[in-house]
Each structure stands twice: as structure tokens, then as C-alpha cells.
**Q** 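A single structure is presented below for examination.
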Amino acid sequence: MTISPRFLRRLKKLREFFSLLVRNRMGLVGLAIIILFLILAIFAPFLRTVNPTKVGTSKNILLSPSPQFWLGTDDLAKDVWSQIVYGSRISLAIGFLAAIITVFTGSLIGLIAGFYGGKIGEILMRIVDFFMMLPMLPLMIVLAAVLGPSIWNIIFVVSIVSWPTTARVIRSQVLSLKERTFIEASRCIGASDFLLMFNEILPNVVPIMFAESVLMVTEAIYAEAVLSFLGLGDPTAISWGMMLHFAFESGTMGKAFWWVLPPIACIVILIIGFTFLGTAITDILEPGYKEAHGF
Amino acid sequence: MKEKNNNEVLRVENLKKYFPVGKSLFASIFSGKEEYVRAVDDVSFSVKEGEILGFVGESGCGKTTMGRTILRLVEPTSGKIYYKGTEVISLSKKRLKSLRRRMQMIFQDPYGSLNPRRTVAETLRQTIKIHKLVNSKAEEETLIKKTLEEVELKPVGEFWDKYPGFLSGGQLQRVSAGRVLILQPKFIVADEPVSMLDVSVRVGVLDLLLRMRNKFGISFIYITHDLATARYVCDRIAIMYLGKIVEIAQTEDIINKPLHPYTQALISAVPVPDPTVKIHDLPIKGYLSLTSDLVSSSCRFYPRCPYATKKCHEEEPPLVQGERDHYVACINYRKSKSVY
Amino acid sequence: MGLKGFAIKKIIAAIITIFAIVGVNFVIFRMAPGDPVRMMFRDPRISGEQMQLIREKFGLDKPLWGQFISYLKELSHGNLGLSFWQKRPVLDVITDRIPQTLLLVLTALTIAMFLGTIFGALAGWKRGTRVDSFILSLSLTMYSIPAFSLGIILLLIFAYILSIFPLSGMTTPASGLTGLGYWKDVLWHMCLPAFSIIMWYIGEYVLLTRGSMLDTLRKDYILTARAKGLKESTILIKHALRNALLPVITVTGVNIGFAVAGVIEVETVFSWPGIGRLVYDAVMKRDYPLLQGVFLVFAISIVLANLVIDLIYGYIDPRIKVGGEKK
Amino acid sequence: MALLEVKNLKVYYFTRKGTAKAVDGVNFSIDKNETLGLIGESGCGKTTTALSLMRFVTPPGRIVKGKIVFDGRDIISMSNEEIRLLRGKEISIVFQAAQNALNPVMTIEKQISEGILEHESITEDEALERAKNQLNLVGIGDERSKSYPHELSGGMKQRVMIAMATVCNPKLLILDEPVTGLDVIVQRQILSLINDLRAKLHLTIVIIAHDLSVIAETCDKIAVMYAGKIVEQASAVSLYKNPMHPYSQALIKAYPSIKGEKKKLKSIPGAPPRLVNPPPGCKFHPRCSYAADICRKKEPIIREKEGHLVACHLN
């Protein structure tokens, strides 16, 4: 197959985008942080020092950092560094999966609500408004508590709570695009609703969906951390939030800061990484969009 | 009324389009009475083959809504529209699509009417695909090339891969014309096609429309607020005021012998590019009001008319024949002819 | 539609929303797998007979629709059920905690809103300068730190290591303080939790105000004001700030929802005896009736807060006040 | 003596795509009580010129060179405070698109009186009284004084803008596309108002338009701009009767008119040049039907000929 000129143009645009991203200071920092954690997650089995789930012997309880335990041990004598390494997997997986589900659902609903307006749009938006009115964290806590602790439930909970934001952002974009004459012109030419939605409007909102996904990743990482910290995480998985939960519950937090600070640092740095990346992307792609999001 | 004229392309009968005021769900539940803006109110006319009929009026007079209703981009409240004898309003979606090859529209905003993420060739290709106009890739390329030449985007290669953001208003409007022309339509609604263009390129686009008419026999409805450009392209002109046609006649008759006081005001308001001509004040008063506070049984121009009598308030004037092809909707027309 | 119509519309919308929330609340707790009674009262000592009694009391033997009706009936009498953990009516448990939470939240929010708006407006006004980029990057960072993480760090540094502030609670236990001494003690306990909430929330406000400010500064009427020869300070205060704050006010309603999140996290970390800490306890004890009640209280208070803010907005913006809501 | 003299003004925009020379060496002057029309197509630099007169050019734009002498003082070298005291008091401007140029949350009387209070030492009540008089003057009854902008029609907003600009009796009034986007009848009413005010308040006016027909009657003098330069300048009548620059000629020929016989019009081929990479030589040569070799190579300088100032090699 030969490479079509259209594909080449896309490629060139993508390259242009990345060069702009790297030149943006926030974008560069964000990208570097994310890549660092991706490496951590992918190569976790090679980077860990011991099996993070292995309960150690009692003489190794709450040891401070040493050449053997890089970041010390917790109250069950488990290695903190190895837990941190594996925790990155949970955060990134939940972040990406929840973001994909959220942005997909939210965009679809936003697209339909914006495009069809009228009764359908109004009803969809009332539902969105209603969801936006619900207090996010309590809703997540309640859902997580009722559904029981598992990674999949957390992903589900985060998605169900976050999609309305995306739906709203996409809808407002679609509404303003719909006002543009080219949509009416295409309709007049004879384009079907399906074609209008997915061929005319969608390509124009893709940049925003992209930026929205990045922001949703931060939401999801944050949600996982909080839920786990509050004791609603998956007890069989190792995550940074769970580490904090156990530290907090053990009552030994004040004596073992090496157990507490690394997961906090990881959560914060990873969220900052995605926030910076998201800010940089919106900065580059859609100057007007930033203000809409309050950045 | 039903008698069919063979060279008639479009016939519109009693077309009405009312928009409810305050569209919100709540408002319609809690306020009992429904209020409407009568954007198009009982309009009838016909367009002959190869004719350019102008619709002139101020913004808010309903001319754009009327144009969009004819193409069913807006569903009318009531009325009938015939394209060569086929009733358009009752057509199914599928039949409508095939009719779209014959009836088309050129929009006002050249910068907004093309998808910014599509090149010129891709825009035309989209039209070809929707209507499956050709069978092979090669034919497609030839057709696009021919069309671009037709709308004078030459040399074609220079425009082929350009995104709309890199073209000027006049060039964009030519692409829009090309996208429509590729379907070989018989009838086009041109909604203010030059009002957003620079003066230096306006005439170029108007000439393109005239050539499309002369070469392919396409009929046009030319919607504008500018009597001067209407005079340049139109065979006949209809003057609209608040949803109604108040006067319709051959172009030169409208310009030189306007019968309706509103038409007269419009004509004297048109700026003339000649510094030796002095501005005089208009006989017209007040502002155009868009709300539906008018009593339906009075002349709509009554509040602003310098010649208004009590009778104008009580009676809505019908559109009557003044001279051979000259129709006007004014009660005072006959008796006050001398006044004008 | 004037201000009155606007207000009626908003009030009706709020009532509908509250009904929907009640419905959702009911449904969520029926979503739980297994016997709701077992879920609600995870007490192994409970006997079959007692269970039956509870079933009847809560109407759980009826079909779902009937259950909802009796739930509504109980709710209308202020009966939110019995807390399994505290063995008291849920409503009593919650009302006991409200003052503490209000004290913490209102103090923190007021300070955060005040400072956040000022810094945000300043950053927007000085767009592109060093002041701007400093405020912006600091806010983005603050905004990215979950409130509980910040709380833990503060706790470690100021309570454990430096011992400047107390570790937990709202008062020193068994101190027997009264009057001014008591309030001083409360204030001392409140410093760290309030600071955590302020820091988290301030970032949000800075970003919001700055964005709105930038939006406003691009408007033509700012240029008009300059063309009149007004002083920059006059333009900032009379033209820019007033218009920039309008959208900030609307978003405040939404933000109260976020504030609730901050409260849960911070109260948990600092064992502040408010509703937030109650959520944590209810989760740990798997006390479902309590959780259900707390959720309802949170949700309804957010709806009411939003309503108040909408009404204030309607009063401030002449486009709504005089009528003719324009796009 | 000229009230305003612009000498070799250059305003460039430094964008990512390159430097756009929006105004590139513009000269003109206006005497007291004179009205100058600045006409040209979109992007020719006319609005930038107007903004420069009040020093409203903002980054990425910058006044690179030139002098703007107003009443004996150079505006470009003034301090920010000096220029501020001038704005609204001695030089006023009415921006294009009045609907966005009014503050939506302030009554119109407040918006008008604000300017008086800034420049004159009078009480607030007196200022409000003056604002009401001013509203009467521009044909909006003072009973409307407590209205908010969204309650007014487009034409009325434009009247408010004019009232605001003239309330301090400025020496110079700049009108940027004062009737663009308004309906013909409202257009005519606004133009009549401008003519009225000019006589009543003895105003000196710079009026900017893309449409010659709109300003033909109002102006004493017309300057035609093309791609950042003035290509021809003459008295209004003379420019209309005897245009010398091919662009002016083409522009006048391109106007349809409703007066007199219907005539065949001629369009100007091509599109206005981009300011970032303009053609070499005379910027009009790609669209000029008389273009000769020299036009493609050398940029013409503006010279006087038969009372016209014209920048063309062939004249």
C-alpha cells in the first residue's frame, strides 16, 4: 500500500504538534513525568527489589531506608519501594481506562445532545445537570461502598461520576460548531445526520476530546487515591492510596515518614504531570478552550 | 392558482413560518399563551426558468428564513412549495435528497460555510460522494478540476490542497458556488452571497452568479439587504417587510417607480458612492420592531409610515396588481398616487 | 421573564433535583448485592426474628415500588433510619456533626475565595508577566495535590515533627476550658485542617478568576473604557472585575460540591469531628443507613447552595434582572 | 495649522508566521473642522491606523516608527498618563460593532457620565444630567437613560457610542466603520446624525470605512489605503470624479448604484495581498491591469499631481 498524501499531512501535523508541545515548558515537564511513571509501570517486575506483597519477618518491621530496603519497610515488613513501583501500574491503568470510558461516553452524549438540541438534547442535558449537581466524592464513596472493593468497580465509579463534565464541554463545542454555516451547508448538500455528526462535527472536536482525556486521567488517579485512602480500595491490589490507608490506620505514621511520603509524592507528581500536559495541550490546540475550563 | 406555467421552476403558495418566543421548556409550561414571531407570513410568488428574483429587506424581515424554508432547512408552519410541479414540503427524506441535486443554496458567510478541516478538493469530493455522482477516481478528479475552472479558481493546482483558512473571502465564496454547481442544480437560493465580501471582489462573485444563470439556465432567488447589488443581478425584485412581501415588480420598475412607502424609504436610504449627492433625511420614523406586538389586522408598516391613516390601522392591505407586473400591498396606493 | 420568573424557575428546578436525588439515593442502596438487611445490619448476632422485624419496619418485605413509598414517608418525617454503629437515629448522628463542619468549611472557604479571587484577578490583569506565571504555576500545583495528601504532609511536619499544632480533634480532650480559652483551643486545632482546605481550594479559585478575567479583558468594552481615558484602576474595578466575577459566582455553586470532597479528606486526616469524618467512620463500620443519610444531606445542601447562588446571580446580572435572558 | 499630522507611521505585527506590516509609512494631516475618510478593504491597515492615533496598538503589534502630532504634541512619545488624559477628552473613538463595545452590566447614563467625571471636576449629578442631555442630542430620549445595553437595538447602541465619544467635546473624533452591520435605513439615520453633530459641535473627524458610498457625502478629503499604504489622497469630489490610482479607479468602477442608468461593473481580479509576505514592487501590481515592468520591481513613492497625492509609477 502506498502512503496517501492525506496521511502524510496528518503525520506532519502530528509532528508539528509534538514539537510545539516539547517547546512548551509545561508540556515538556508533564511529558517527562508521565514517561517516567510509564517506565516504572511497564518494567515493574525488573525494578522491584522484593515481592511487594510478601510479608517480611518481624525484625524487618518499620525499617528506615537502607541499601537493602531502598525506601524502608512498612508495619508488615513489606518493602515500600517495591510497593511504589507496582502502585504506578494501578494508578496509570485506572487513570487511562477510566479516562477512555469517560471521554467516550461523555463525548457521544455531548455530541448527540448538542447536535439534536430540542427535546432529546434538553432531556440529556437535564440528566447531565443533575449528575453535575451530585457531590462527586460522596457519590463515589457510596457507590464504592455498595458495590464492594475492586479495581473494576473503581473504574466504573469514576466513569459514572465524570462523564457529565465531558458531555457538557463537548456539547457546548458542538452547539457553537452547529451554528457555523458549514454544517447547514453540508445538510443542504444532502449529508445525513450521521455524516454530519461523525464526519463534519467530530473531527472538529477531537482536539478537545484529547485535552479532556488528559484532564480525566488526573481525575481518575485522584479518585482512586482518595477512595483507597478512605479504605474503599481493592485490598488485593497494591496502590499508593492503599499504602497511605494502611499507614494512616496503623497509627505509626508519625514514626515512619518513609512509608508515607513516597506514595504522596508519587500521587502528586503524577497528577501534576498530567495537569501540566493537559494545560499545555489546550494551550496549543484551542486557545479559547482554556478560558472555558478556567485555566 | 393551480394552472401550471411550463417555464416556472418554483412556486411558493401561502408560505408561513412562525417561531415561538421563549423556547425554554419551563416557559412553555408556565405561561399559558404562546407567542410567535411571524418570520414569514403568508408569502406567495413564483420563479421562472433562468430568472433571478431578488428579495430585499432589512435584517429581521424574514428573507433568510424564507430562503431556508424553501430548501427545507427549516420546516414551515404551513404553505406549499412546488419545484417544477413537485410539492417539496411533503417529500420524504429520501426523495428530498434527490431533489437536493436540483435545488441548492449559497450561504452568506464565506468564512464559516466550509469545513475548516477539509481542503478545497475534499470539500467538493464530499458532495460527489454523497450523491454518488461518478463511478471512478479518475472521473472524480476530472469533475473537480472542471468545476474549479468553472468558478474561476485558476490555476486549479494552486487551490486544490488549500485549507479554507488560507483563502480570501471571494475565493471561499467561489468554492461554495463550486460545491453547489457540481450537482448541476436548476435552482439556487443565494443568501446575501456578497455582503461579507470586500467591495473589490463583490462584482466578481455577482458576475459568477450571472454566468451560472446564462450558461446553465439556473434560476436564482437572490436574498439581500442591498438594493444596489440586487439591481445589478436581479430581473425582478420583491421587497419584504416583517414577513410579508409589500411590493414586487421588474427591477427597473422598483428602482424608478416604487409604489410602497417602505420601498421609497429604502431606495432613498441606499448610499450612493458620489460625494456630490447630498444626504436628506428619511420620511420614515421609528425602528423596526421584531416582537409580535402588532395587531394582526393592521398594516405592518403602519407605525412608521408617513402617510398612515386610520384605515391602515384597521385593515391589512392585500398584495394587489398596480401596473402590469407590478404588485403592491398598500391601501393608499390608488388614491394617493399623486402624493408619491 | 423577569427576576421573579427566573427565581420561580430555579426553585422548581431545585425541588425536582432534590426529588431525583432522593430517588437515586434509594436506588443505589438497593443496588447492593445480597440481602439489604444483611448489608445494612452486618451484625452476626442479629436473630432471624429481629431481621424480620427490621424488614417490616423498613418495609423491605414489600415490592420495590412500595418500599420507595414507605421510604419517602419515613423521610418526610425526618426519619433517615437507624445508625447501626451508633445505635441512634441517623438524623441525630448527623445533626450532631453539622456545626463542627460548618465552622471549618465556612471559615476555610471564605478565606480561600477571598484570596483566590484577589490573586486570580491579579494574575489575569498582569497577564504574561512574572507575577502571572508565578501565581499560575503555584495554583496549578496546589490544584493538583489531593487535599488529604496535603493534610498528611502538614500533619507530619507541624504536628509530629515540630509539634506546633495538635495531632487530631477539635479540642484538647478533658481540658475543661470554657469561654475565650475554649475558642482559642478550637482555633488552634482548626489551623491545620483549615489551611489544607484553603490551599486546595485557593488554586481552583485563582484559575477560575484568572480565566474569567482574561475573557473579560478581551472584551471590547474594556477598550471603550480605555478610550474614555479612565484610570487603569477604575477600569479594573468598575469594568473588568465586576464582569469577570459574574461567571465566578455561578461556578461557586459547583465548587461547593468540590469543597465537600475536601472536607471529607481533611476531616478524616485530622479526625475533625464533623460530617466528613462521619463518612469515613460509616465506611469503616460499613454503616449503610448512616452513609445513605450523609449522602442525602450533602446532596441536598449542594442543591440549596446552588439555588442561593443562582438567585444572587440573577439579582446581580441586569440581563436577568430586567428581563429578556440573552444568549 | 493642521490639528493632526501623521508622519511616516509604521505599525508592525510580530507574529509567529512573520512580521505583518499593517501600516507601512503612512502620511496624512487633518485641519480643524475637516473630515477625512480613510477607505480600504479588510486588512489594509485602516483600523490599525485609527488605533495608533490613540496609541491602542497592543502586542504582538507595535508602533515601530513615525510621528503622530496632535495639536502640537507628539502622541507616540507621550507618557501613559499623558495619553490617558487625552483620551476621551481631546481625542475620542467610536469602535466598530457597538453591541460589544458597551459594558453589559452598567446603565448607559453611567457609562456616558463616567467619562465626564474622569476629565472634568463636576459632581456626579451634574455628570448624569449632562449624560441625559447628550442622549437627547443623539436622538435617544433621556427616558432611556437608565437602560442597559441589551435593551437597545443595534442602531441605538451606535447612538450611545457616539454620545459617549462626543460628551467631552473632543477636538478629534475617530469613527471606525460607524455603520457597518446596520440596516440601510438605520445607516442613513446614523450618517445624518454624524453630519448634524459635526455642524453643531464643530468636530474634526476621521471616518474609516470599507465602503466608499457610505462616506462619500460626509467627507471633505478621502485617503485610499491598500496593503498598509495610502495610495491616493484627494478631496472627496475630485477623487470620485477623477481617480488617478488604478486601484481607486477600479474601486469606484466596482460599485453598483441605484441612481442613473444601470451600468456594467468591473471587478478587481485576485484577492487583497497578505501582509506577511506582500508582493515586491507596487503591492497592487498583481491585480492591476496597467502593470508594467517597473511596477513589479520598484515601489512607487507618493507624489503630488493635479491636487492629488498619488503613489503610482504610471501617473
Side-chain angles (χ1 to χ4, degrees), chain C residues 1-3 5-6 121 124-130 132-133 212-250 312-327, chain D residues 47 50-51 53-60 80-108 110-120 146-152 157 160-161 164-168 170 173-174 176:
Chain C
M1 184 179 61
L3 187 57
F6 176 80
W125 184 250
K126 302 248 172 213
R127 168 172 215 181
T129 62
R130 261 208 215 137
D132 178 31
S133 56
S212 177
M213 194 74 184
L214 291 183
D215 241 7
T216 310
L217 288 178
R218 264 202 305 273
K219 294 275 162 60
D220 286 345
Y221 54 75
I222 297 296
L223 197 56
T224 306
R226 288 223 165 89
K228 280 188 242 178
L230 302 186
K231 288 191 200 75
E232 288 294 298
S233 56
T234 316
I235 298 173
L236 173 66
I237 293 163
K238 274 176 115 177
H239 291 270
L241 210 52
R242 172 132 192 233
N243 284 289
L245 286 184
L246 285 179
V248 175
I249 289 170
T250 27
I312 292 174
Y313 184 76
Y315 187 73
I316 296 176
D317 191 341
R319 279 163 291 191
I320 294 172
K321 186 162 69 182
V322 185
E325 206 173 348
K326 255 198 165 177
K327 264 195 249 171
Chain D
T47 296
L51 292 177
L53 297 185
M54 289 188 90
R55 263 216 359 233
F56 274 141
V57 180
T58 49
N80 285 340
E81 185 62 12
E82 280 173 300
I83 184 81
R84 179 178 78 73
L85 292 173
L86 222 61
R87 287 174 186 161
K89 170 82 178 135
E90 297 189 40
I91 309 179
S92 278
I93 187 165
V94 173
F95 294 109
Q96 201 175 348
Q99 49 276 23
N100 308 320
L102 287 166
N103 188 335
V105 301
M106 220 187 240
T107 60
I108 54 176
K110 269 259 159 58
Q111 297 193 46
I112 297 172
S113 66
E114 199 177 38
I116 320 173
L117 282 167
E118 190 70 50
H119 296 294
E120 292 170 33
K146 293 218 160 27
S147 301
Y148 288 94
H150 72 272
E151 297 168 278
L152 306 177
K157 279 185 220 166
V160 174
M161 290 303 292
M164 212 145 77
T166 50
V167 74
C168 289
L173 176 65
I174 303 165
D176 188 4

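Only a predicted model underlies this, so the values are computations on that prediction, with no experimental measurement involved. Letters A, B, ... mirror the listed sequences (proteins, then strands); counts begin at 1.
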**Q** With a 4.5 angstrom heavy-atom cut-off, could you sort out which part of C/I222 is near chain D: side chain, backbone, both or neither?
**A** neither
**Q** Over all heavy atoms of both residues, which pair between D/N103 and C/K238 is shortest? Give the atoms and the distance, please.
**A** ND2-O, 4.2 Å
**Q** Count the heavy atoms of every other residue, nucleotide or ligand shown that sit under 6.0 Å from NZ of D/K110, and state whether that count exceeds 12.
**A** no
**Q** Looking at CZ of D/F56 and CG of C/L223, how far apart are the two atoms once the value is rounded to the nearest 0.5 Å?
**A** 5.0 Å
**Q** To the nearest 0.5 Å, what is the distance between CD on D/E81 and NZ on C/K231?
**A** 7.5 Å
**Q** Looking at every non-hydrogen atom in both residues, tell me the closest pair between C/D220 and D/N100 and how far apart they are.
**A** CB-O, 3.3 Å
**Q** What residue, out of D/A101, D/A165, D/C168, D/G88, has the most heavy-atom pairs lying under 4.5 Å from chain C?
**A** D/A101
**Q** Specify which of D/H119, D/Q96, D/M54 makes the most heavy-atom pairs with chain C at under 4.5 Å.
**A** D/H119
**Q** Can you list the steps and then say if C/K228 with D/E114 is a salt bridge (Lys or Arg N to Asp or Glu O under 4.0 Å)?
**A** CA-CA 8 Å; C/K228 280 188 242 178; D/E114 199 177 38; 2.7 Å; yes
**Q** Just jot down the side-chain hydrogen bond (donor to acceptor under 3.5 Å, both in side chains) partners of D/Q111, sequence neighbours excluded, or say none.
**A** none
**Q** Below 4.5 Å from any heavy atom of chain C, which atoms of D/L85 appear? Answer side chain, backbone, both or neither.
**A** neither
**Q** Using a 4.5 Å cut-off on heavy atoms from C-beta on, say whether the side chain of D/M106 contacts that of C/H239.
**A** yes
**Q** Looking only at heavy atoms and a cut-off of under 4.5 Å, which of D/S147, D/G115, D/P170, D/P104 has the most pairs with chain C?
**A** D/P104
